[in-house]
Amino acid sequence: MHGRPRRPAKPEDEEASSAKAAKLRELQAEVLRNHHARTYTKEAIGLSFKLLEINPEAYTAWNYRKLAFQHNVKELSDPEAIKSTVDDELRMVEVALRQNPKSYGAWYHRKWLLNQKLTPVDFKRELGLLDKLLKVDARNFHGWNYRRFLARFMGVPDEEELKYTMDKIRDNFSNYSAWHNRSILLSNLLIQQTKGFESKQKIFSEEFDLVTQALFTDPSDQSGWFYHLWLLAQTSTPDNPQLIASWPCNGAKFSSSLVKEKVERDKPIWSRTVPVVLYFNEPVKGVNQSSVNLKSDLEFDKDFNWRPLSMTNSGYSNCWATYLQIANECSSSQQYSVELSIPCSDDIVSRSGSNYNFPVLFTFTIELISNDTSQDTDLFDKPVAWDCSESFQSHGNRDPIPFDLLNNTTALVQEDTNWHFEKLSEEIDLFRELSDDDSKFVKLTLARLLLACAATKSRGRSLVERKGYCEEALRLFIDLIPLDPSHKQYYEDERSIVLIDKLTCDMETFMKHCSVQVQQNLAPLNHVKLCRLSLTRVGFAERLLWVQVLDLSHNSLRSVEGLEALQQLVLLNISNNQISSFTALEPLTKLISLKVLNLSFNKIGDHSIDKTRYICSSPFSHKVEACEAFEVCQKENINVEEYWDAILFFKSLKLAQLDIKGNAVASKENLKTLVMTIIPCLKWFNGERVN
Amino acid sequence: MAELAADQHVRYIVTVEKKKDSFESLVMEHIRLNGAYWGLTTLDLLHKLHAVDAAEVVDWIMSCYHPESGGFAGNVGHDPHVLYTLSAVQVLCLFDRLDVLDVDKVAGYVAGLQNEDGSFSGDIWGEVDTRFSYIALCTLSLLHRLHKIDVRKAVDFVVSCKNMDGGFGAMPGGESHAGQIFCCVGALAITGSLHHIDRDLLGWWLCERQCKDGGLNGRPEKLADVCYSWWVLSSLIMIDRVHWIDKEKLTKFILNCQDKENGGISDRPDNAVDIYHTYFGVAGLSLMEYPGVKPMDPAYALPLDVVNRIFLKN
């Protein structure tokens, strides 16, 4: 019931209504009776007409009419008689649409009828009907769907339909349905390289001009802004995937300590797992042993696989990792070099289907040290304290942080990057002029344009420009919050990503957040501290691949997506944030080196609605089925329906230390039992020694 | 702030169920099974499912069953369709009575409606719509019978309906619409395929559905309507972007649409109430963790405890 005012029924209304109701009840019963008895006489069909005229939603009556039509038309051979039967049905649809122009049943009846192809279709009549309906309601999506159906049916070229959207937009800039159809048609025309649509650049330049005209006519109307956002995405997305970071990076030299694993025939075997991480600018698939070449004088298990580091099972990921299993009978220090290359590849493709065509080659050196004393069993015999600042050393006197991660894409500037940059700059100038107005769309669009521009500045001296774009965008997001308070947290999320970009895009700024942490019994660890910055989410993980200790405490993080790429990470502090569920922490289950995790003072257990229930892997989305860990917990009297998310999270972690106090879930008695059951190697729980 | 008139809504639902003879009820007669799902789910959310006789409801549901096809009709005497088959399965889930079903027969009906391109028809007459993709996937998943269809193709079809704004339409090329987006996001959620969605792009479009009055609309430049509280909120939750709207304003909008005297919720303040908007209003409040209302699962559109029981109890 839509748009009907609420008012008490008057007696005379009720009388009229009950008379109407009696008539309708009788009609419905009669039509159903005829349907069940397969009575397809003229009179019976007439009753269904009457019913659908009053109630076009009575779907069984449409089914009845289809059966009656099939039954009756079978006996006809005279084309005129067939045409008249078809016409009756077309009229039926028109009558029903008059009652309800959004009747699914009526629209489908018409499509079904045309698809029977019994008579030539009178397209003039069809288009006339559509015109009439779209004049009454230019946004009737049933009408637009029918228009697309007709265009396909008639074989109307997309260029013609594109002209129609232009007419509708000229009638009224605020016609979102027309802009939408335009985006669909243009995408098709560009993909098919139709004559006149060969150049993406030319077409998008013209579209920018068109939509800007609309935006300046009425800046408060949403329609044009969504179209502009689409154009911006089309203009700023690179055409082919690129490798943008790796760990280890080009030229890196690092030491890795071997651990005495076992003794075979009186000889100790030393081993180590070394992760190698590749990070692309967009999700790709097809990273494997044949698309990526790894050469080394080092002995490692040749049977390794590249795995996507993502929460999905789509096969696509920005980030890929492999784990080299190094086993050595020798315990003395040795250096090995590793060469990794990715040639142009048809295997590695992005979601849009473009292949990898920026060949890279880089080398790094691993020094293997064996260390009798630092065996895993002795580590963490004291809990790691997060606030002891004396254990930090400035980073200055150490090897430089592997910041310019690849040093190898410099020469590979895409040919049309210039066009992208010029077009974006033009738009920026245009919107800068307008941004004094308090229009949220103007400011937001300007911020988005600036960020798209920043993204084209990723190397060398242009980083200074990048920082400039980030700073301007940050100011805009801060302005937007009071201007549009309902979307406060959207702007905060956007701001977080830009802030991380700004803080990590050049060496000088980044170094202020980096140090080396020395923990007892551990080799010095590379440490990054991004605290008290009001961050709500993480971005630019590709710049943190080398980080071993990460302190993100005292922010407003709701999500840790992105951290799954940090395969070197040993210690993570995300205490005093806004994490509200275990499912939101799923990215951490991919961190093979993680030993110490501080989750204190978050919101886990505070909410009855879990916002990442479907982002994570769970039995509800069929990404995991009930597992062994569930059974183990059931034996400990832990309620799986209540704790399934905690079980799935902890079972993938090999933590030595966990802090989780200050969360609603931590006050539940079962949690400690659960954690200790699932993580047998845990030594410290909320500061207390366990096991 | 106004409060939820829970008792009045319960009374409204129980009485509306009995008023079968008004013109309004008759116009909706053919979708009575949908109505049962809306009303009974609302009762469960308000902890009042016991206000109805479970055995009576189950008997009536089964009287809408077509044993030859395996589908359910919207009411006794009507034709079977997936729209009502899902409602029947959902109501049986509420009462934990899936045991009355010939599960393989019902699953066979739904699975038999998958087309070559992965899409689903609503019934034997062949209308295709992403609504039916969601319904099919949801029904089969609740019955533990997803393996009866080509899930990959089903997902591919849904993805082929994705638009420039990140949303989804009824068929390839169809304009984005919040109801349709719920169906497509739900279909992808149930099949573990949310990676096909650009969550920031779709999240922005969805959070822009909030109007000045606090309510949500279904498409740009349209009026707010209580039913979108469900379609938009559930989609935003599934993609983890629900914090992008102002929940307090939306809660107020929904509460202002209540008929506090006679119960029921309408599409907009001071309009006539109906069972459909009563359900969507209460479900929206549930997704915003309104006190006293049971939490809902955003993908299966059933109370969370019901869904957890189905998938976590072996």
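Chain letters run A, B, ... following the sequence lines, proteins first and then strands; every chain starts at 1. Any value given below was found using the heavy atoms of this structure, including those in side chains, with hydrogens, waters and symmetry copies removed.
When side chains are defined from C-beta on, B/Leu188 does not count as touching A/Tyr614, because their heavy atoms never get closer than 4.5 Å. Between A/Leu229 and B/Trp204 the shortest side-chain heavy-atom distance falls below 4.5 Å. Side-chain contact check for B/Arg219 versus A/Tyr176: every heavy-atom pair is 4.5 Å or farther apart.
A donor and an acceptor atom, one from each side chain of A/Ser177 and B/Glu175, are located under 3.5 Å apart. When only modelled atom types and interatomic distance are considered, B/Thr191 and A/His622 share no side-chain donor-acceptor pair under 3.5 Å. Between the side chains of B/Asp246 and A/His487, no donor-acceptor pair is found at a separation under 3.5 Å.
Minimum interatomic distance between A/His36 and B/Gly77 (heavy atoms only, all atoms of both residues): NE2-O, 2.8 Å. The minimum heavy-atom distance linking A/Lys611 with B/Val242 is given by the pair CG-CG1, 3.6 Å. The minimum heavy-atom distance between A/Asp610 and B/Ile237, with the atom names listed, is O-CG2, 4.1 Å.
Only the side chain of A/Glu561 comes within contact range of chain B, with at least one heavy atom under 4.5 Å from a heavy atom of that chain. Proximity to chain A (any heavy atom under 4.5 Å) is restricted, for B/Leu201, to the side chain, taken from C-beta onward. Residue A/Phe620 touches chain B through both its backbone and its side chain, counting heavy-atom pairs closer than 4.5 Å. No part of B/Arg152 comes within reach of chain A, as not one of its non-hydrogen atoms sits under 4.5 angstrom from that chain. Of the atoms belonging to B/Asn308, heavy atoms from both backbone and side chain fall under 4.5 Å from chain A. B/Ala73 touches chain A through backbone and side chain together, each having a heavy atom under 4.5 Å away. When heavy atoms are compared at a cutoff of 4.5 Å, A/Ser608 approaches chain B by way of both its backbone and its side chain. Proximity to chain B is absent for every atom of A/Ser580, based on heavy atoms less than 4.5 angstrom apart. When heavy atoms are compared at a cutoff of 4.5 Å, B/Lys222 approaches chain A solely by way of its side chain, counted from C-beta outward. Contact of A/His35 with chain B is made through the side chain alone, with heavy-atom distances under 4.5 Å. At a 4.5 Å heavy-atom cutoff, the contact between B/Leu146 and chain A is made by side-chain atoms alone. Proximity to chain B (any heavy atom under 4.5 Å) is restricted, for A/Asn145, to the side chain, taken from C-beta onward. With a 4.5 angstrom heavy-atom cutoff, A/Leu185 does not touch chain B via any of its atoms. Neither the backbone nor the side chain of A/Leu27 comes within contact range of chain B; no heavy atoms are under 4.5 Å apart. In this structure, chain B has a heavy atom under 4.5 Å from the side chain of A/Leu32, while its backbone stays farther away. Neither the backbone nor the side chain of B/Asn262 comes within less than 4.5 Å of any heavy atom in chain A. Of the atoms belonging to A/Lys20, heavy atoms from both backbone and side chain fall under 4.5 Å from chain B. If you measure heavy-atom distances from A/Phe630 to chain B, the contacts under 4.5 Å come from the side chain alone. B/His177 touches chain A through its side chain: at least one heavy atom from C-beta onward sits under 4.5 Å away, while N, CA, C and O do not. In this structure, the portion of B/Met171 lying under 4.5 Å from any heavy atom of chain A is its side chain and not its backbone. Looking at B/Ile245, the atoms closer than 4.5 Å to chain A (heavy atoms on both sides) all sit in the backbone: N, CA, C or O. Only the side chain of A/Gln28 comes within less than 4.5 Å of a heavy atom of chain B; its backbone N, CA, C and O stay farther away.
Look at B/Asp297 and A/Arg613 and you find a salt bridge, because one of the NZ, NE, NH1 or NH2 atoms lies within 4.0 Å of a carboxylate O, short of that distance. Under a 4.0 Å N-O distance rule, the pair B/Asp200/A/Arg537 qualifies as a salt bridge. The residues A/Asp493 and B/Arg241 are annotated as not salt-bridged, no charged nitrogen and carboxylate oxygen being separated by less than 4.0 angstrom. Contact check on B/Arg309 versus A/Glu641 returns no salt bridge, with no Lys/Arg side-chain nitrogen under 4.0 Å from an Asp/Glu carboxylate oxygen.
The choice from B/Glu127, B/Met288, B/His81 that makes the most heavy-atom pairs within less than 4.5 Å of chain A is B/Glu127. Chain B forms the most heavy-atom pairs under 4.5 Å with one residue out of A/Arg33, A/Glu57, A/Lys23, and that residue is A/Glu57. Note on B/Ser286, B/Gly74, B/Pro220: by heavy-atom pairs under 4.5 Å with chain A, the leading option is B/Pro220.
In the displayed structure, A/Arg351 atom CZ is contacted under 6.0 Å by more than 12 heavy atoms of other residues, nucleotides or ligands.
A/Arg65 forms no cation-pi arrangement with B/Trp125, by the criterion of a distance under 6.0 Å to the ring centre and an angle within 45° of the ring axis.
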